Each structure stands twice: as structure tokens, then as C-alpha cells.
S.K.: 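Take a look at the following structure, please.
Whatever order the structure lists them in is the order used to number ligands and atoms, beginning at 1. Computed from a predicted structure; not experimentally measured. All values below were derived from every heavy atom in this structure, side-chain atoms included, with hydrogens, water molecules and symmetry-related copies excluded.
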Amino acid sequence: MEFEMLIDGRMVAGADRLEVINPATGAVFAQCARADAAQLDAAVAAASRAQRGWAALDPVQRGNCLRRLADALEQAGPGLARLLTCEQGKPLATATREVAGAVHALRFYAGLDLPLQTLHDTPERLVLEQRVPLGVVAAITPWNFPLLITVSKIAAALCVGNTVVAKPAPTTPLTVARFAALAAPILPAGVLNVIVDANDLGARLTGHPDVAKISFTGSTATGARVMGTAAEAIKRITLELGGNDAAVILDDMDVRLAARKVFDAAMVNAGQVCLAAKRIYAPAGMIDALCAELAALAEQTVVGNGLEQGVMMGPLQNAAQFERVLDLFEDSRRCGTVLSGGPVGGPGYFMRPAIVRDLPDDARLVREEQFGPIVPVLAYDDVAGLVERVNATPYGLGGSVWCADPARGIALARQIDSGTVWVNTHLGMPLDVPFGGAKQSGLGRENGIEGLKDLTQGKIIAVAR
Ligand code: ADP
């Protein structure tokens with residue numbers, strides 16, 4: 001299978017090629033076009049040329065383009081879901097939901113706009129606020145939800161009149177390349193460009209003088225580099241970075257129900273979610289029963305090739321991440337008690353869900369973001385000490401509280417230093433609710449009107465009467 005890039009309205013071969021591995025087999029299954037610096041520059045130039053014309057369209061016309069794109073994506077859905085499973089590893093049913101999520105995002109943003117606001121209208125003066133698109137937006141995305149995150153960024157940026165150069169992660173470029181092929185006949189040339197690299201063009205893209213805004217989702221370490229590059233030209237940035245979310249169970253919660261919920265919150269997408277539950281805290285008296293339930297759920301999880309029926313958890317997405325999670329697993333065996341899980345013999349990057357107890361707070365699995373199917377279960381005695389431990393992290397992305405009495409949940413949620421804290425759920429993210437991190441988990445917001453505002457800048461027009 002060969003996959004091309006979208007530059008200036010045309011699908012093009014790359015200056016080079018990239019081999020794409022299926023993580024369930026560990027073998028190369030497709031070739032993707034790979035850009036060189038000249039192709040990246042051509043993509044930015046095309047986006048730059050197209051921007052004024054795109055911004056000048058009526059928002060309804062832009063919305064119609066996004067709707068046509070949603071229809072095309074929906075039609076291609078079944079094939080794309082299979083492709084997503086092959087490149088990312090997730091089970092087909094989950095991949096199908098990801099494609100549906102991308103379709104939903106396109107339709108959601110198709111109906112949005114930031115119209116002119118009147119701030120003052122008096123006999124003395126008229127003050128208007130216009131939201132102006134920023135220009136060319138670079139959308140840089142990771143390998144955990146390659147299609148959903150990239151398409152959501154594209155739809156949001158386009159709906160308010162920006163043009164886009166998108167760069168998916170090098171290990172999962174294929175579904176985005178297919179999306180680009182669907183977009184080519186629908187969008188005016190240059191409005192969307194998709195380039196693929198081998199982790200070598202990120203800095204050139206973020207540092208490009210004609211890129212006005214960087215919308216980045218990825219690790220905190222890479223986010224810091226993006227921020228550094230953006231500083232020179234005072235570029236606008238939105239950073240969605242790592243997390244180390246705590247899921248806190250209160251003592252009025254049913255143990256079985258709690259186990260089911262936090263297990264799913266931790267193991268969703270094989271734990272490869274910035275917002276997955278990465279530390280589970282439970283009252284000391286509940287730990288034994290909770291761990292027994294969690295270990296049973298781990299044993300029941302069917303791990304395998306996501307294309308096979310009945311598989312509940314796919315492989316880790318790439319070899320580097322697999323090695324990193326195995327390293328954390330070995331470290332956890334040394335300083336805690338591993339109740340279940342661990343690596344499955346190859347081929348493929350498979351690991352069974354691991355539940356770890358008896359770890360000290362300074363264990364690597366507690367302090368670091370694991371981004372894999374392994375989770376520590378930690379005991380607490382009183383809520384005051386708990387809050388301190390939950391907040392003792394440079395991250396502040398999400399978190400959840402599980403309880404019978406929602407008022408207790410809200411009271412604790414208010415003390416957790418994160419961008420989002422859920423009560424009796426984890427990971428619900430409607431597109432009209434702003435989302436983003438506190439502390440080193442990010443900067444700026446996506447989704448909601450606040451997210452759209454971050455893709456524009458306010459301009460005041462003040463008239464003396
Ligand atoms: P990981 O370490 O798990 O691969 P990253 O945060 O490094 O995650 O990657 C997220 C995205 O950022 C990918 O598309 C990657 O190619 C891109 N990227 C990597 N390095 C840079 C950089 N210096 N500037 C901009 N983007 C980069």
C-alpha cells in the first residue's frame with residue numbers, strides 16, 4: 001500500500017518514503033510518502049496563499065465544505081477504521097468509534113462561527129470586537145488518536161478562516177493521509193496540506209516564518225521545544241501535553257463498581273491516552289478488595305490483534321513506547337507487588353494489563369507518565385494528606401473522583417490542580433466544553449468557544465459618534 005501527501009490541492013509522492021509498521025505484527029505493512037524541507041516549505045507557502053481567500057468566504061460556505069468532508073469521511077469509515085487498527089493497534093470497534101468521532105467533529109465545527117460582537121453601542125461611541133483568523137496553523141499530532149486529534153484540530157482551525165499544515169506522527173500517518181485524499185477534491189487548493197516526516201521536520205514547521213499558530217498535542221518534553229521555537233516570532237501556541245491523572249475512590253463508593261470504572265479509565269486505548277487514569281488512590285481499608293477486583297478484570301481482558309473479533313486491548317503503538325512501558329514494569333516489580341499482567345511474547349508489541357500495589361510514592365510508576373496498560377494502586381488514610389499527594393506532580397491535565405455522594409466528589413475535585421476533574425466518570429469530553437491542562441500539562445484551550453477563540457485574535461474597532 002502506498003500513501004501520498006496533500007500539498008497545494010494535489011496528492012503528491014514524497015521526496016522520500018517512510019515504512020509504517022503494524023504494531024500487532026511488528027512488520028512493515030505500508031509505505032508512506034515522506035516530505036523533505038522543500039515540500040514542507042511548499043505546503044506552508046500554499047497554505048499562506050490560500051488563507052485570505054478562505055477567510056473571505058462566508059462562514060456558511062466554509063461550514064458546507066466541512067460538512068461535505070464529514071460525509072466523505074463517513075462513507076469511507078469502515079475502510080478507514082481497519083486502516084486505523086493496522087497502523088495504531090486499537091481494536092476495530094474502538095477504531096470505528098474514533099472515525100465516528102472525527103466525523104462528529106467536522107459536523108460540529110461546520111456549524112460554528114465567531115461573529116462580530118458589539119461591546120458598546122451608546123450615543124457617544126460604538127465599540128465592536130471582530131475575531132480575526134491567525135493565518136497558517138500548524139497542527140502537530142501524536143500516535144494515540146491519530147485521526148480524531150488531527151481532524152479535530154483541522155476542523156476547528158478551518159471553520160474560523162485559518163488554513164492548515166497538518167503533520168501526523170511518523171508511526172501513524174496513514175489515516176490522516178487518506179483523510180487528505182478525501183479533502184483534496186472538496187477544499188480549495190492550499191486550505192489543507194498534510195505532510196509526513198520521520199520526526200525530523202517538526203522544528204522547521206514550528207519555526208517557519210509563515211506559520212502563525214502551532215496547535216500541538218504530544219509529550220511535555222516536545223511541547224517545551226515547540227514553545228522555545230515559537231518564542232522567537234511570538235507565535236500563538238496551544239499545547240496539549242502529558243498527564244499523570246489521579247483517580248480517587250472515596251470510602252462511600254461500591255468497590256466492585258469502582259474497580260470496573262477505574263480499570264476502564266486506566267486501560268482505555270491500552271493506557272495510551274494523555275487523560276487516562278494513571279494513579280489510583282483508595283482508602284487503606286478498601287485496597288485488598290479493590291486490588292482483587294482489578295486483578296480479576298485484568299485477567300479477563302482479551303489482548304490481541306485488534307482486527308480479531310472479541311479483542312478488548314490491542315498492542316502498544318510502537319517499539320519505543322513498548323520498551324519504555326516494559327522498563328516501568330520491571331522497575332515496579334523491584335519496588336512493589338505486581339498482581340497481573342506483563343509482556344506477551346512477540347511478534348507485536350503486546351502487554352497484558354498490569355495492576356501494581358505496595359509502591360512508595362517516589363516509585364517511577366507513580367511519578368512518571370506511563371502511557372501504557374500498567375497502573376499503580378495507592379492507599380490513603382485521610383483526605384487532607386491525599387490532596388497533597390495527588391497534586392505533587394508537575395502535571396495537571398485531568399483526574400477523577402469516585403463516590404456515592406456527588407457533593408463530596410465536587411468538594412474534592414475543587415482541590416485538585418488540573419484542567420479537568422470528573423466526578424463518577426473519566427474522559428467524557430463534549431466538543432462544546434473547553435479542554436486543556438494546568439501546570440506542565442499544557443497551555444491554552446481546545447474545544448468550546450474558548451478553543452475557537454484561541455485560533456483567532458480579537459480586534460477592536462472603536463468609533464466615536
Ligand atoms: P513521542 O515522544 O511519544 O513520539 P512527541 O511529543 O515527541 O511524542 O510527538 C508528538 C508529535 O510531535 C509527533 O508528530 C512528532 O513528530 C512531533 N515532533 C517531534 N519533535 C518535534 C519538534 N522538535 N517540534 C515539533 N514537533 C515535533
S.K.: Does a salt bridge link Asp454 with Lys213, judged by any charged N lying under 4.0 Å from a carboxylate O?
M.R.: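 The answer is no: the pair does not qualify as a salt bridge.
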S.K.: What residue and atom, counting heavy atoms only, is the protein's closest point to atom 13 (C) of ligand 1, and at what distance?
M.R.: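 Sorting protein heavy atoms by distance from atom 13 (C) of ligand 1 puts Thr141 O, 3.5 Å first.
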S.K.: Of all the non-hydrogen atoms in the protein, which one sits nearest to atom 23 (N) of ligand 1, and at what distance?
M.R.: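 Scanning the protein heavy atoms, the shortest distance from atom 23 (N) of ligand 1 goes to Arg225 NE, 3.9 Å.
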S.K.: Identify, for atom 17 (C) of ligand 1, the protein heavy atom at the shortest distance, and state residue, atom and that distance.
M.R.: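 It is Ile140 CG2, 3.7 Å.
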S.K.: Starting from atom 12 (O) of ligand 1, which protein heavy atom do you reach first, and at what distance in Å?
M.R.: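 Residue, atom and distance for the closest contact: Phe216 CE1, 3.2 Å.
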S.K.: Any idea which atoms of ligand 1 are less than 4.0 Å away from a heavy-atom of Asn199?
M.R.: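 Heavy-atom distances to Asn199 below 4.0 Å select 15 (C), 16 (O), 19 (C).
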S.K.: To the nearest 0.1 Å, how far is atom 3 (O) of ligand 1 from its closest protein heavy atom, and which atom is that?
M.R.: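 Result: Trp143 NE1, 3.3 Å.
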S.K.: Which bit of Pro170 is near ligand 1, meaning a heavy atom under 4.0 Å away: side chain, backbone, both or neither?
M.R.: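 The side chain, only.
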S.K.: Less than 4.0 angstrom from a charged side-chain N to a carboxylate O is my criterion; do Lys153 and Glu240 meet it?
M.R.: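 Between Glu240 and Lys153 there is no salt bridge, as every charged N stays at least 4.0 Å from the carboxylate O atoms.
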S.K.: Do Gln370 side-chain atoms and Arg279 backbone N/O form a donor-acceptor pair below 3.5 Å?
M.R.: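 Judged by distance alone, no pair lies under 3.5 Å.
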S.K.: Checking Asp362 against Arg367 for the side-chain contact (heavy atoms from CB on, under 4.5 Å) test, could you report, in this order, the C-alpha distance in whole Å, the side-chain angles of both residues, the deciding distance, and whether it holds?
M.R.: CA-CA 6 Å; Asp362 64 355; Arg367 285 186 294 110; 4.3 Å; yes
S.K.: Give the residue, atom name and distance (to 0.1 Å) of the protein heavy atom nearest atom 20 (N) of ligand 1.
M.R.: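 For atom 20 (N) of ligand 1, the nearest protein heavy atom comes out as Thr222 CG2, 3.5 Å.
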S.K.: Give the residue and atom name of whichever protein heavy atom lies nearest to atom 24 (N) of ligand 1, and the separation in Å to one decimal.
M.R.: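 The protein heavy atom lying closest is Gly202 C, 3.4 Å.
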S.K.: Could you list which atoms of ligand 1 come closer than 4.0 Å to a heavy atom of Gly218?
M.R.: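 Listed by number with element, the hits are 6 (O).
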S.K.: Considering heavy atoms of the protein only, find what lies nearest to atom 2 (O) of ligand 1 and give residue, atom and distance to 0.1 Å.
M.R.: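 Answer, as residue, atom name and distance: Ser219 OG, 4.2 Å.
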S.K.: Would you call the rings of Phe322 and Tyr349 parallel, tilted or perpendicular, taking 30° and 60° as the class edges?
M.R.: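 Ring orientation, 0 to 90° scale: tilted.
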S.K.: Can you list the atoms of ligand 1 that are under 4.0 Å from a heavy atom of Val226?
M.R.: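 Those of ligand 1 that fall under 4.0 Å from Val226 are 24 (N), 25 (C).
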S.K.: Using every non-hydrogen atom in the two residues, find where Asn199 and Pro170 come nearest and quote the distance to one decimal.
M.R.: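 So the minimum-distance heavy-atom pair works out to N-CG, 3.4 Å.
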S.K.: Under 4.0 Å, counting heavy atoms only: does Phe371 come that close to any atom of ligand 1?
M.R.: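 The answer is no: ligand 1 sits nowhere under 4.0 Å from a heavy atom of Phe371.
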S.K.: Quick one: which ligand 1 atoms are inside 4.0 Å of a heavy atom on Ala169?
M.R.: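 Result: 14 (O).
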S.K.: Does Arg333 pair with Glu330 as a salt bridge, N-O distance under 4.0 Å?
M.R.: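 Yes, charged N to carboxylate O under 4.0 Å.
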